[in-house]
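This is a predicted model, so every value here is computed, not measured. Chain letters run A, B, ... following the sequence lines, proteins first and then strands; every chain starts at 1.
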Protein chains: 2
Amino acid sequence: MVYTEKKIENELRKRGYKITPQRRTIVNTVMRSREHLTPAEIYERIRQEHPGIGLVTIYRTLEILAGLGLICEMHAGGNCRSYLMRRPSEHHHHLICSDCGTVIDFTDCDLGELERRLSKKTSFKINGHLLEFVGQCRKCREKTMAG
Amino acid sequence: MVYTEKKIENELRKRGYKITPQRRTIVNTVMRSREHLTPAEIYERIRQEHPGIGLVTIYRTLEILAGLGLICEMHAGGNCRSYLMRRPSEHHHHLICSDCGTVIDFTDCDLGELERRLSKKTSFKINGHLLEFVGQCRKCREKTMAG
DNA sequence: CTACTAAATGAAAATCGTTTTCAGTTAGCA
DNA sequence: TGCTAACTGAAAACGATTTTCATTTAGTAG
């Protein structure tokens with residue numbers, strides 16, 4: 001389950017932020033996506049319908065949403081950050097083939113116990129996690145064997 | 001246990017990389033530290049003894065070492081990456097504070113069962129994994145409460 | 001020890017993602 | 001309808017990282 005647009009708008013209004021068409025579009029875009037999106041990717045997607053929008057506005061809005069804990073900010077390889085709607089209780093992970101780049105998603109990760117243990121030990125309030133497995137898919141393994 | 005300088009030099013030589021005084025110093029600096037260091041921090045530490053060294057060289061060397069799996073690259077908040085000596089056989093994971101960037105390492109992850117399950121279901125040969133928890137450390141939580 | 005060559009170095013410039021500045025626009029409220 | 005704080009977009013600034021290029025050096029063969 002994901003936050004509704006209404007819930008997000010209320011949350012923003014409550015803190016004195018205004019609801020602008022740009023912000024609506026940004027929330028909507030992040031919401032539609034089941035993948036993490038970088039600011040640049042969000043910009044590209046929005047630009048098609050909303051040519052006038054500025055990349056700056058996207059940065060600013062994402063910063064606010066992440067600050068309120070409504071979306072989840074993530075830092076992966078390269079110099080890029082990306083954002084995903086926060087799905088309370090559900091999260092999603094990847095299994096990546098290091099040869100061909102195929103990505104398989106999975107959602108069951110059983111990290112609750114570890115999360116509790118870490119949280120207790122470190123006094124962190126844990127908000128999320130990133131889990132990725134890297135390996136070789138069947139096809140690529142067969143190629144390697146053959147070659 | 002951490003890799004020895006000798007082991008690292010051999011690993012480099014084996015791939016045709018040369019052992020230069022700069023590389024020695026960089027390896028030595030990362031090795032001495034029990035903390036993650038950013039390229040800029042490494043630069044600062046080295047500059048005191050080796051004023052001539054270039055930041056570029058540090059970037060280049062870190063890239064090679066990380067590529068060979070001898071050090072561990074980490075992306076935390078802000079636009080910064082940092083590096084830590086790798087401890088073979090342990091794999092090591094991070095708990096990151098999304099506010100201040102503090103990183104806590106841990107090594108117990110209990111993902112063996114999940115790995116087997118995924119491997120069976122997807123026919124992947126799984127070689128490794130990346131696990132990061134993101135949250136808010138005690139100090140930052142207290143600040144948030146107060147503010 | 002000397003000469004050679006591929007690899008490495010450092011300085012400067014280029015690049016990329018992100019942030020700041022600023023003048024003009026707009027949402028939300030009286 | 002009018003007001004004002006908040007928002008916007010363009011351009012400039014910024015900081016981290018990468019590329020380019022001329023020079024130097026490690027490792028090796030003679």
Pair Tyr59(A)-Thr61(A), side chain to side chain contact (heavy atoms under 4.5 Å, CB included): steps then yes or no: CA-CA 6 Å; Tyr59(A) 274 99; Thr61(A) 302; over 6 Å; no
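Taking atom CZ of Arg23(B) as the reference point, atom P of dA7(C) lies 11 Å away to the nearest angstrom. In this structure, the CZ atom of Arg15(B) is 19 Å from the C1' atom of dG27(D), given to the nearest Å. Atom OH in Tyr43(A) sits about 14 Å away from atom P in dT18(C), given to the nearest Å. Rounding to whole angstrom units, CD1 of residue Ile53(B) and P of dA8(C) are separated by 14 Å. Summarising the geometry, the separation between CG on Leu65(B) and C1' on dA8(C) is reported as 14 Å, rounded to the nearest angstrom. Per the geometry, CD1 belonging to Ile46(A) stands 10 Å off P belonging to dG9(D), to the nearest Å. Remark: C1' of dG10(C) and CG of Leu55(B) are 11 Å apart, rounded to the nearest angstrom. Between Glu9(B) atom CD and dA8(C) atom P there is a gap of 14 Å when expressed in whole angstrom units.
A donor-acceptor distance shorter than 3.5 angstrom exists from the side chain of Arg23(B) to the backbone of Lys18(B), with no hydrogens or angles considered. Counting only distance, with no hydrogens or angles, the side chain of Ser123(B) and the backbone of Arg138(A) share no donor-acceptor pair below 3.5 Å.
Between dT25(D) and Gln22(B), no contact under 4.0 Å exists linking OP1 or OP2 to a side-chain N or O. The shortest distance between the side-chain N/O atoms of Tyr59(A) and the OP1/OP2 oxygens of dT18(C) is below 4.0 Å.
Annotation: side chain of Glu5(A) is in contact with side chain of Met31(A) (closest heavy-atom distance under 4.5 Å).
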Summary of protein contacts for nucleotides 20-30 of chain C, nucleotide by nucleotide, where a base hit scores B, a sugar-phosphate-only hit scores S (4.0 Å, heavy atoms): BB-----BS--
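Shown here is Glu49(A), whose CD atom has no more than 12 heavy atoms of other residues, nucleotides or ligands within 6.0 Å.
Between Arg60(B) and Glu63(B), no side-chain nitrogen of the basic residue sits less than 4.0 Å from a carboxylate oxygen of the acidic one, so the salt-bridge criterion is not met.
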